[in-house]
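Below is one structure; the comments refer to it alone.
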2 protein chains.
Amino acid sequence: MSGTSEKRFLARYRAEAFPRPSVAVDLVILTIVDCELRVLLVERKEHPFRGEWALPGGFLRVGAKRGDFGEDLDAAAERELREETGLSSGVYLEQLYTFGKANRDPRTRVLSVAHYALVRPDLVPLVRPGGDVGEVAWHEARRPPRLAFDHREILQTALARIRGKIDYTDIAFELVPPTFTIQELRAVHEVVKGAHQDPGNFRKRFERMVEDGLIERAPGKRLTASKPARVYRFRRE
Amino acid sequence: MSGTSEKRFLARYRAEAFPRPSVAVDLVILTIVDCELRVLLVERKEHPFRGEWALPGGFLRVGAKRGDFGEDLDAAAERELREETGLSSGVYLEQLYTFGKANRDPRTRVLSVAHYALVRPDLVPLVRPGGDVGEVAWHEARRPPRLAFDHREILQTALARIRGKIDYTDIAFELVPPTFTIQELRAVHEVVKGAHQDPGNFRKRFERMVEDGLIERAPGKRLTASKPARVYRFRRE
DNA sequence: CCAAAAGTGTTATTTATACACCCATGT
DNA sequence: ACATGGGTGTATAAATAACACTTTTGG
């Protein structure tokens with residue numbers, strides 16, 4: 001398969017012949033706290049956009065030496081997530097879109113391969129902003145402050161994505177604790193869609209998921225302001 | 001907004017400090033001919049994978065000089081599409097996914113920002129493979145030949161994408177001529193989903209789209225092997 | 001007792017699925 | 001005349017939506 005002429009070609013290949021873009025991996029890290037969608041933002045310590053809020057992210061590591069090509073793209077996203085939150089597992093992470101307007105970064109040509117992450121509310125207290133950065137905080141995802149670069153557009157794209165996926169995928173379960181009540185799951189749908197969900201009708205959808213084996217009863221009850229509610233858990237296959 | 005300290009920072013910024021990946025824009029160009037999903041492939045003239053089939057594509061153009069940052073990512077995709085097919089309008093083009101395994105290209109680190117395009121069957125005869133390349137041909141998308149790089153995975157991803165989108169978007173209309181019969185649109189659904197669609201039931205869905213103003217009657221009839229069929233057209237808003 | 005939220009039920013409308021059948025046309 | 005495929009109808013099941021109601025708890 002790999003003939004000698006191909007080997008010779010590769011040995012002679014000059015990778016530096018053409019200019020290349022930098023590639024950033026930016027993260028839209030979302031959670032729900034107090035029935036509000038929140039996004040994790042960092043304050044920029046350096047130019048450009050110094051002092052403004054931005055999505056956490058970093059550059060894709062590309063090996064410098066021959067034979068070392070660096071890290072996989074999805075590994076870079078996981079590394080960034082770990083660096084920014086301290087969380088290394090139990091977080092849903094998915095590639096979102098690649099943003100590539102030529103002048104989106106004033107420094108040089110930078111492509112942003114944006115990803116989004118969904119952090120369960122029970123993990124939020126464990127989030128430990130990574131070492132070197134300055135201010136890090138959760139903000140209202142729907143009313144973010146002024147954002148650096150095209151990060152506002154990236155955020156909007158992420159919100160549109162989860163809104164579109166919540167009805168036919170399992171992502172809602174990434175935004176509730178390991179055990180949850182019907183109302184808690186309904187609250188997730190309401191927050192993500194930004195629309196009221198009828199409790200009775202939602203219950204029917206919920207019960208269908210139980211029948212289908214997607215959800216199962218969990219022991220115990222959840223104490224609320226009134227009548228305690230039954231708790232369930234998502235059955236990961 | 002852009003203070004003098006920021007201007008100084010940008011003036012001093014050394015873009016070449018860290019190694020960068022090459023960024024390719026690869027295209028999954030699909031059409032339907034004779035009730036079969038087809039993908040446009042090119043034969044590689046150079047190493048690596050010389051002589052094997054591959055998705056058409058090329059490198060993102062990044063400006064070399066300061067102040068010239070090159071072309072937008074979506075402009076690059078359109079340019080590639082034009083170069084490979086000669087078609088400059090009337091073709092649906094959408095970003096698919098960015099593939100970034102570190103060793104997906106044996107030459108050097110190359111990210112592939114894959115896009116997919118849908119070419120209406122009436123435009124297929126107008127396709128003029130661009131200048132310099134060698135063999136170019138339509139292949140069965142479901143049974144492609146051996147493909148270079150990770151292009152098989154990219155193709156599969158594109159097929160999965162259109163399968164998932166055909167029921168709740170307008171992409172089916174990108175795979176029929178400007179005017180079409182109910183059966184022609186049904187054939188598109190059957191080919192994309194790979195499953196039989198009941199003619200009577202599909203007609204009901206179709207009629208609902210007519211009521212909703214999404215589709216309208218077009219003058220004339222389509223001659224078939226038997227009774228001539230009514231033709232319709234998609235109403236672009 | 002009472003407010004609040006959990007949990008249940010009713011009905012109408014729309015949509016999906018399976019399938020039987022009529023009708024116009026070219027050969 | 002007849003096979004072919006266009007065009008139509010019917011019955012059932014299931015999903016969606018609007019909304020009224022009962023029950024169980026904490027205060």
Side-chain angles (χ1 to χ4, degrees), chain A residues 32 34-36 121 163-170 172 176-177 179-233, chain B residues 32 34-35 163-170 172 176-177 179-233:
Chain A
I32 293 180
D34 298 337
C35 289
E36 255 192 17
R163 214 181 313 126
K165 286 190 84 164
I166 196 167
D167 275 323
Y168 69 102
T169 69
D170 300 334
V176 286
T179 70
F180 50 88
T181 68
I182 299 182
Q183 316 309 329
E184 284 167 359
L185 191 69
R186 180 167 63 89
V188 169
H189 276 78
E190 292 194 333
V191 170
V192 170
K193 289 195 252 196
H196 173 74
Q197 300 293 108
D198 181 275
N201 295 336
F202 188 83
R203 173 176 297 274
K204 255 173 285 186
R205 287 182 56 184
F206 193 98
E207 277 161 359
R208 221 173 303 147
M209 290 190 274
V210 174
E211 283 166 26
D212 295 347
L214 197 71
I215 298 171
E216 65 185 0
R217 252 330 266 288
K221 286 166 180 284
R222 178 86 84 251
L223 295 174
T224 71
S226 64
K227 176 177 174 181
R230 303 206 262 265
V231 295
Y232 298 83
R233 71 172 139 244
Chain B
I32 293 180
D34 298 337
C35 289
R163 216 182 310 127
K165 286 190 85 162
I166 196 168
D167 275 323
Y168 70 100
T169 69
D170 299 334
V176 287
T179 69
F180 50 88
T181 68
I182 299 183
Q183 317 309 329
E184 284 167 358
L185 191 69
R186 181 166 65 89
V188 169
H189 276 78
E190 292 193 334
V191 169
V192 170
K193 291 196 252 198
H196 173 74
Q197 300 291 109
D198 181 276
N201 295 337
F202 187 83
R203 174 175 298 271
K204 255 172 287 187
R205 287 182 55 184
F206 193 97
E207 276 162 359
R208 222 172 304 150
M209 290 191 275
V210 174
E211 282 167 27
D212 295 349
L214 197 71
I215 297 172
E216 64 185 1
R217 251 333 264 289
K221 288 168 178 284
R222 178 85 83 251
L223 295 174
T224 72
S226 64
K227 177 179 175 180
R230 302 207 262 264
V231 295
Y232 299 81
R233 73 173 136 242

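No experiment lies behind these values; they were computed from the predicted model shown. Atoms considered below: every heavy atom in the structure, side chains included; atoms not considered: hydrogens, waters and symmetry mates. Order of the sequence lines sets the chain letters (A, B, ...), proteins ahead of strands, with each chain counted from 1.
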Quiz item: Does Thr179(B) reach the side chain of Arg222(B), with side-chain heavy atoms less than 4.5 Å apart?
Solution: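 The answer is yes; the side chains approach within 4.5 Å.
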Quiz item: Taking C-beta and beyond as the side chain, do Pro121(A) and Ile32(A) meet within less than 4.5 Å on heavy atoms?
Solution: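 Of all side-chain heavy-atom pairs linking Ile32(A) with Pro121(A), none is under 4.5 Å.
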Using atom types as modelled, flag every donor-acceptor pair under 3.5 Å from a side chain in residues 209-216 of chain B to any protein atom, sequence neighbours excluded.
{"from": "Glu216(B)", "atom 1": "OE2", "to": "Arg233(B)", "atom 2": "NE", "distance (Å)": "2.9"}

Quiz item: Below 4.0 angstrom from OP1 or OP2 of dT8(D), is there any side-chain N or O of Arg230(B)?
Solution: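 Indeed, a polar side-chain atom of Arg230(B) lies that close.
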Quiz item: Between Gln197(A) and Glu190(A), is there a donor-acceptor pair closer than 3.5 Å when you use the side chain of the first and the backbone of the second?
Solution: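 Not a single qualifying donor-acceptor pair exists.
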Quiz item: Quick one: does Asp198(B)'s side chain have a donor or acceptor within less than 3.5 Å of a partner on Gly200(B)'s backbone?
Solution: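 Between the backbone of Gly200(B) and the side chain of Asp198(B) there is a qualifying donor-acceptor contact (under 3.5 Å).
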Exercise. Quick one: sort the Tyr168(A) and Tyr168(B) rings into parallel, tilted or perpendicular, breaks at 30° and 60°.
Key: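 Aromatic pair Tyr168(A)/Tyr168(B) classed tilted.
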Quiz item: Which one of Ile182(A), Thr181(A), Val176(A) satisfies the side-chain contact (heavy atoms from CB on, under 4.5 Å) criterion with Tyr232(A)?
Solution: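 Passing option: Ile182(A).
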Quiz prompt | By salt bridge (charged side-chain N to carboxylate O under 4.0 Å, His left out) - contacts of Arg203(A) (at least two apart) | solution =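 For Arg203(A) there are no salt bridge (charged side-chain N to carboxylate O under 4.0 Å, His left out) partners, ignoring immediate neighbours.
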Exercise. Applying salt bridge (charged side-chain N to carboxylate O under 4.0 Å, His left out), name anything that partners Lys165(B), two or more places apart in sequence or on another chain.
Key: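 If we apply the salt bridge (charged side-chain N to carboxylate O under 4.0 Å, His left out) test to Lys165(B), skipping adjacent residues, the hits are Glu94(B).
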Quiz prompt | Residue pair Asp167(B) / His189(B): nearest heavy atoms and the distance that separates them | solution =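 Result for this residue pair: OD1-CD2, 4.1 Å.
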Practice problem: Taking only heavy atoms on the protein side, list every residue of residues 221-229 of chain B lying under 4.0 Å from any atom of DNA chain D, sorted numerically. | Solution: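 Listed by number, they are Ser226(B), Lys227(B), Pro228(B), Ala229(B).
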Quiz item: Can you list, by residue number, the residues of residues 184-211 of chain B that have a non-hydrogen atom closer than 4.0 angstrom to DNA chain C?
Solution: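 Hits under 4.0 Å, by residue number: Asp198(B), Asn201(B), Lys204(B), Arg208(B).
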Quiz item: First contact, last contact: which nucleotides of DNA chain C are these for chain A, 5' to 3', heavy-atom distance under 4.0 Å?
Solution: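 In short, chain A contacts DNA chain C from dA4(C) to dT10(C).
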